[in-house]
Amino acid sequence: MLVPMSHQSYSDAILRPESPEARILFPAPQDQFERFLFRQRPSEKVGPNTDQITLQGQDHANPQQDALVRLPGLRLSPSRVIVLQRWIGRVESVRRDRFVAVTTDATNPGNPPEESEFDLAEVSEGDRALVARGAVFYWCIGYHDSVGGQRERTSSLRFVRSPQLSEATLDRILEQADRMATFLQESD
Amino acid sequence: MQTPEAEGASIVMIGSFNPAIFQPRWLGAQQLIRAEEAENAKITIIQAQVADFSTEWFQLQVLQQRFTVFTTDPRQYGPLRDLAVGMFAILAHTPVSLVGINRHFHFTTPSVDVWHKIGHRLAPKEPWHEIITGPGLRSLLMEGRRDETSQGILRIKIEPSLKIKHGIYVEVNEEFRAPTDGPSEGAQWVPSCLAMQWDPFMAFAENAGRRILPLGNV
Amino acid sequence: MTDTPPDASQLEISVFGPGTGECVLVHIGDGDWIVVDSCIDRRTRRPVALDYLTSLKVDVASRVKLVVATHWHDDHIQGLADILFAAENAKFVNSAAYDFQQLLRLVALSNRVASPASATREYDRIAEVLDHRRRAGLKRETVGPMAALANRKILSLTQGDRSVGAEIIALSPSDAAYYLAKEELAAAFSAVKGGRRPVTQGPNQLSIVLWLKVGVLDVLLGADLEHTSEPTRGWLAITRSNERPTGRAGFFKVPHHGSQNADCTECWTELLSPDPIAVLTPHAPSRLPTPTDVKRICVRSSSAYSTSDHTSYGLPRRDNAVERTMRGMATNRRALAGQMGHVRLRCDAVSVDPRPVVQLSAGARQLHV
């Protein structure tokens with residue numbers, strides 16, 4: 001028998017940042033709670049948007065006057081997306097207004113890979129510069145139920161973005177690889 | 001798997017972070033998100049102790065010892081992973097000691113009887129009748145591993161849903177610690193950990209959800 | 001097709017391929033096997049090599065002697081790390097043309113960025129398995145990586161205490177191909193740095209061609225090696241080598257899916273018996289083999305087989321809403337793989353009359369002019 005949860009436990013509401021036991025499980029209670037995070041002096045400026053609280057300076061807390069600042073918890077979207085099918089695609093070639101890609105079925109990996117042509121117009125403008133041979137994208141088809149309950153079929157392409165690594169980071173990665181290669185290639 | 005009424009995924013890290021870095025503008029400049037997403041992000045707060053903002057598809061919240069990136073759009077699970085990978089490939093020096101991947105679902109059940117059957121199957125009430133009156137399952141947490149070779153610790157939590165009447169909430173979490181051998185300095189281990197573990201974890205979490213609801217059919 | 005293992009003195013060559021990817025298993029006598037490349041059976045999501053050897057009740061941990069990656073591309077090594085992990089006594093062999101350090105650098109970089117290619121993920125896991133074994137105290141000479149280079153012997157099992165002797169020699173890559181590998185890896189590196197997956201370009205002159213002598217029989221496994229008029233590379237570097245094994249192979253794994261680019265007449269006239277048995281794996285993305293390729297191969301061999309028919313792959317059927325939406329987004333769709341096909345040859349390796357028996361299963365078929 002399940003017991004309806006009529007109230008939330010606040011035992012984890014106060015986050016102790018320095019605690020080594022800071023729980024990694026998310027969300028700790030299911031519903032998002034507001035967390036009491038840190039102390040703010042009442043005289044500190046509060047922005048025009050009551051959700052935006054900016055602190056001027058990092059003065060130490062005055063125990064006589066401190067108030068706890070409440071930060072909004074993690075916010076759930078009011079609409080709902082149901083994914084019916086997912087693929088991962090890799091661009092094989094790009095023409096003027098189309099590109100050819102090989103898609104791998106991520107929903108049913110038992111299905112064979114497929115080759116398809118896509119219209120470049122289906123790609124979000126912010127992603128167009130990423131469309132090149134070897135580029136990877138996610139393709140999802142499903143339904144979107146709006147807040148008002150309106151259902152629409154959706155199909156979205158999103159191209160994978162990779163970080164632009166600094167030379168120092170690159171060097172570090174390569175150094176580690178070199179150490180592994182040296183070790184594996186050493187004869188005894 | 002039965003379609004959940006609501007679901008989401010998140011990546012949580014424990015370490016030592018500088019929240020002020022994590023701004024939409026920075027993500028846009030690093031090309032980790034679209035320029036339009038960076039420009040239209042909704043900022044709650046960006047400050048030395050805490051950063052919190054959201055875009056159309058994810059929310060990012062960074063405290064000095066905890067990083068969370070979260071989405072409730074199942075189309076964006078892959079991009080969420082990529083975003084975390086990208087950030088910590090760049091911020092490789094950031095000390096990160098734990099990475100947790102989380103997935104949660106809210107399912108409906110066909111009837112209150114099925115709802116109760118699930119609870120009774122997971123936590124039989126007979127042993128409790130002599131201890132308390134009207135025992136009921138409030139929360140169940142199981143811990144184990146995904147399989148024999150998994151490096152992470154896996155936890156599954158099941159509770160009555162707070163969102164759906166007579167619904168079931170399932171939360172699956174897998175936690176990875178910084179390796180003691182090999183590259184562990186800072187966050188260097190994080191991108192490959194996420195790259196290798198994300199897909200198997202997500203498939204596992206879906207499968208776990210698929211196997212819990214039929215318990216109410218017995 | 002029976003699931004009894006071959007006899008101790010039998011040669012078995014099993015070629016698998018679903019239309020993208022291939023795997024060759026060879027029984028080299030006395031219960032010992034080698035694995036050349038790997039592909040995944042989509043139904044079981046396991047390497048087909050492990051599924052098949054398990055069905056024969058082969059103790060993979062002790063009986064697989066070599067795991068060979070003829071080259072590092074996606075469609076040749078999927079699942080190879082799992083095989084290497086299971087084959088505890090096997091040595092890993094890769095192409096000497098690819099500088100191992102550069103390959104690991106590519107792998108390391110690829111796995112730090114989003115959505116790494118399956119080949120680099122696979123190689124990362126291969127390196128992990130090797131690293132684990134080396135740290136456990138095993139020597140490089142035992143676990144690998146062994147760099148296969150033209151005319152280098154990579155395995156020798158003498159007949160003394162066996163039913164049949166077995167010798168495996170790499171015939172490629174040649175020295176002259178090294179600079180091609182450097183260029184290829186540099187291009188791949190550049191792609192990965194730019195956030196893209198490496199895409200193979202240009203002719204393949206770097207993969208490992210293997211010559212196997214099992215008992216009295218010779219076998220030529222052509223991998224993906226392509227032909228060039230340059231005599232120091234490709235097939236001519238093999239046919240014109242003074243150091244290559246003598247003998248004529250009666251079984252030929254046709255290179256590069258039977259393509260014209262990989263066809264070398266000298267290979268047929270100098271390395272193969274007059275009427276060899278030929279097997280190929282198709283490659284649906286490139287629509288190989290073409291009808292012309294099939295005709296050319298059939299004419300030169302006593303019998304020719306393909307693991308799959310790439311012209312007949314059907315598209316899977318999905319939910320109506322998905323199908324309707326797909327039709328609006330993606331055009332000219334075609335499936336790039338079908339059922340995993342298996343061509344199996346068994347014959348007596350110690351007799352002058354080996355009487356080969358070829359069996360086909362699932363999508364495999366005999367080729368005809």
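Sequence lines set the chain letters: A, B, ... in the order given, protein chains first and strands last, and positions in each chain run from 1.
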*Where does Gln31(B) contact chain A at under 4.5 Å (heavy atoms): side chain, backbone, both or neither?*
both

*Give the member of Glu37(B), His166(B), Lys165(B), Met87(B) that has the highest number of heavy-atom pairs under 4.5 Å with chain A.*
Glu37(B)

*asked:* Are more than 12 heavy atoms, taken from residues, nucleotides or ligands other than Glu125(A), located less than 6.0 Å from that residue's CD atom?
replied: no

_Asp73(B) side, atom CG; Cys140(A) side, atom SG - distance, nearest 0.5 Å_ = 8.0 Å

*Tell me, side chain or backbone of Arg80(A) under 4.5 Å from chain B's heavy atoms, or both, or neither?*
side chain

*Please state whether the side chain, the backbone, both or neither of Ala35(B) comes within less than 4.5 Å of a heavy atom of chain A.*
neither

_Using side-chain heavy atoms (C-beta onward) and a distance below 4.5 Å, is Asp82(B) in contact with Tyr138(A)?_
yes

*Residue by residue, scan residues 94-111 of chain A and write down, ordered by number, those that have a heavy-atom distance under 4.5 Å to chain B; if none do, write 'none'.*
none

_Which of Ala92(B), Ala6(B), Pro191(B), Pro79(B) touches chain A most, by non-hydrogen pairs under 4.5 Å_ = Pro79(B)

*asked:* Looking at every heavy atom in both Pro163(A) and Gly86(B), which two are closest together, and how far apart are they?
replied: CB-O, 3.6 Å

*chain B contact via Thr169(A) - which portion, at a heavy-atom distance below 4.5 Å*: side chain

*Mind running side-chain hydrogen bond (donor to acceptor under 3.5 Å, both in side chains) on His93(B) and Arg172(A) for me, showing each step along the way?*
CA-CA 11 Å; His93(B) 279 312; Arg172(A) 201 172 33 247; 3.1 Å; yes

_Show the nearest heavy-atom pair for residues Arg161(A) and Ile33(B), with the distance to one decimal._
NH1-O, 3.6 Å

*Partners meeting side chain to side chain donor-acceptor pair (under 3.5 Å) with Arg34(B) (sequence neighbours left out)*: Ser124(A), Asp127(A)

*Contact origin within Leu157(A) toward chain B - heavy atom pairs under 4.5 Å*: backbone

_side chain to side chain contact (heavy atoms under 4.5 Å, CB included), that's the test. Do Val81(A) and Gln76(B) meet it? Break it down for me._
CA-CA 10 Å; Val81(A) 174; Gln76(B) 309 298 351; over 6 Å; no

*Rounded to the nearest 0.5 Å, how far does CD of Glu5(B) lie from CD1 of Ile82(A)?*
7.5 Å

*Identify the two heavy atoms, one from Arg86(A) and one from Glu206(B), that lie closest to each other, and give their separation to 0.1 Å.*
NH2-OE2, 4.4 Å

*Using 4.0 Å as the upper bound for N to carboxylate O, is an ion pair formed by Arg158(A) and Glu56(B)?*
no

